[in-house]
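Counting begins at 1 with the first residue of the sequence.
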Amino acid sequence: PFRTDVIDIPMGAAEQDGSELEYKVHMIAGQSLVYSWTVTAPKDEFYVDFHSEQRPSPKENVVSHKVGLMTASNGALTAPFEGIHGWYFQNQSLKPVVVHLKISGFYDLLPGGKPPA
């Protein structure tokens with residue numbers, strides 16, 4: 001079913017526990033979502049890799065959609081294949097930050113970024 005989630009993700013300062021994490025959803029090929037996220041951090045100190053992962057046996061397929069240093073992004077994703085899709089966030093600043101993520105579409109949230117059994 002269609003859903004909407006608004007999530008605040010606290011992250012630790014660089015080199016501390018919680019300074020990097022992955023936030024993922026599970027989607028079936030062809031399902032879509034729209035997203036928007038922001039973080040209050042210096043532009044050159046917050047790294048993001050928005051990507052999709054398919055885990056066929058025996059080789060994993062990973063497709064990156066947006067990668068780099070940024071403090072905000074928005075867009076839409078239509079899942080290119082069934083798998084896990086989402087963000088790797090890395091706070092490289094010396095202060096803790098909070099990522100404000102908004103997602104709407106057809107997906108299942110994955111606590112801890114783990115695929116469904």
Side-chain angles (χ1 to χ4, degrees):
F2 183 85
R3 67 183 293 165
T4 297
D5 293 282
V6 178
I7 305 117
D8 284 339
I9 307 166
M11 297 185 65
E15 309 283 331
Q16 294 179 348
D17 286 343
S19 65
E20 57 185 330
L21 62 82
E22 293 200 68
Y23 201 90
K24 302 288 180 102
V25 299
H26 175 260
M27 297 170 68
I28 295 171
Q31 288 183 324
S32 297
L33 63 76
V34 294
Y35 68 90
S36 173
W37 67 264
T38 61
V39 65
T40 304
K43 185 177 177 182
D44 59 348
E45 295 181 358
F46 198 81
Y47 176 82
V48 179
D49 182 350
F50 178 46
H51 60 282
S52 298
E53 299 174 31
Q54 182 182 32
R55 298 186 179 198
S57 187
K59 189 174 180 183
E60 180 175 28
N61 180 27
V62 178
V63 176
S64 286
H65 306 294
K66 286 186 181 180
V67 178
L69 296 169
M70 59 189 90
T71 57
S73 183
N74 60 69
L77 171 71
T78 298
F81 43 73
E82 180 173 356
I84 57 175
H85 311 270
W87 299 263
Y88 167 76
F89 294 119
Q90 183 184 55
N91 181 17
Q92 299 175 353
S93 74
L94 297 176
K95 296 181 180 178
V97 298
V98 176
V99 177
H100 304 285
L101 175 64
K102 298 176 186 176
I103 317 170
S104 293
F106 301 91
Y107 57 88
D108 293 311
L109 290 177
L110 297 178
K114 298 196 185 321

Residue pair Thr71 / Thr38, side-chain heavy-atom distance below 4.5 Å
no
Cluster question for you: counting only ILVMFWY and a side-chain heavy-atom cut-off of under 4.5 Å, with indirect links fine, are Leu33 and Leu109 together?
yes
Donor-acceptor pair, Gln31 side chain versus Ile28 backbone, under 3.5 Å?
yes
Between the side chain of Lys66 and the main-chain N/O of Asn74, is any donor-acceptor distance below 3.5 Å?
yes
Heavy-atom nearest pair, Leu77 first then Ser52, reads CD2-OG, 4.2 Å
Counting distance only, does the side-chain N/O of Asp8 pair as donor-acceptor with the main-chain N or O of His100 below 3.5 Å?
no
Enter the distance from Phe89:CZ to Ser19:OG here, rounded to the nearest 0.5 Å.
13.5 Å
Is there a path of hydrophobic side-chain contacts, each under 4.5 Å between heavy atoms, that joins Ile7 and Met27?
yes
Would you check if His51 and Lys24 make a side-chain contact, meaning some heavy-atom pair closer than 4.5 Å?
yes
Let's go through Lys95 and Met11 carefully: what are the C-alpha distance in whole Å and the side-chain angles of both, what is the deciding distance for side-chain contact (heavy atoms from CB on, under 4.5 Å) to 0.1 Å, and is it a yes or a no?
CA-CA 9 Å; Lys95 296 181 180 178; Met11 297 185 65; over 6 Å; no
What I'd like to find out is whether the side chain of Val39 reaches to under 4.5 Å of the side chain of Val98, using heavy atoms alone.
no
Just so I know, are the side chains of Trp37 and Ile9 near enough to count as touching, which here means a heavy-atom distance under 4.5 Å?
no
Report the C-alpha distance between Ser73 and Tyr35 in whole Å, list the side-chain angles of each, state the deciding distance to 0.1 Å, and finish with yes or no for side-chain contact (heavy atoms from CB on, under 4.5 Å).
CA-CA 8 Å; Ser73 183; Tyr35 68 90; 3.7 Å; yes
Can you tell me how far CG of Asn91 sits from CZ of Phe46, rounded to the nearest 0.5 angstrom?
6.0 Å
In the hydrophobic cluster built from side-chain contacts under 4.5 Å, what are the other members alongside Val67?
Tyr47, Leu69, Tyr88
Are side-chain heavy atoms of Pro80 and His85 found at a separation under 4.5 Å?
yes
Between Trp87 and Tyr23, ring centroids under 6.0 Å
no
Closest contact, heavy atoms only, Gly30 versus Thr78
O-CG2, 3.7 Å
Quick one: sort the Phe2 and Phe106 rings into parallel, tilted or perpendicular, breaks at 30° and 60°.
perpendicular
Steps toward side-chain contact (heavy atoms from CB on, under 4.5 Å) verdict (Glu22, Gln90)
CA-CA 9 Å; Glu22 293 200 68; Gln90 183 184 55; over 6 Å; no
Over all heavy atoms of both residues, which pair between Pro10 and Leu21 is shortest? Give the atoms and the distance, please.
O-CD2, 4.3 Å
At what distance, to the nearest 0.5 angstrom, does CD of Glu53 lie from NE2 of His26?
12.0 Å
Is there a side-chain contact (heavy atoms from CB on, under 4.5 Å) between Asp108 and Val25? Walk through the geometry before answering.
CA-CA 5 Å; Asp108 293 311; Val25 299; over 6 Å; no
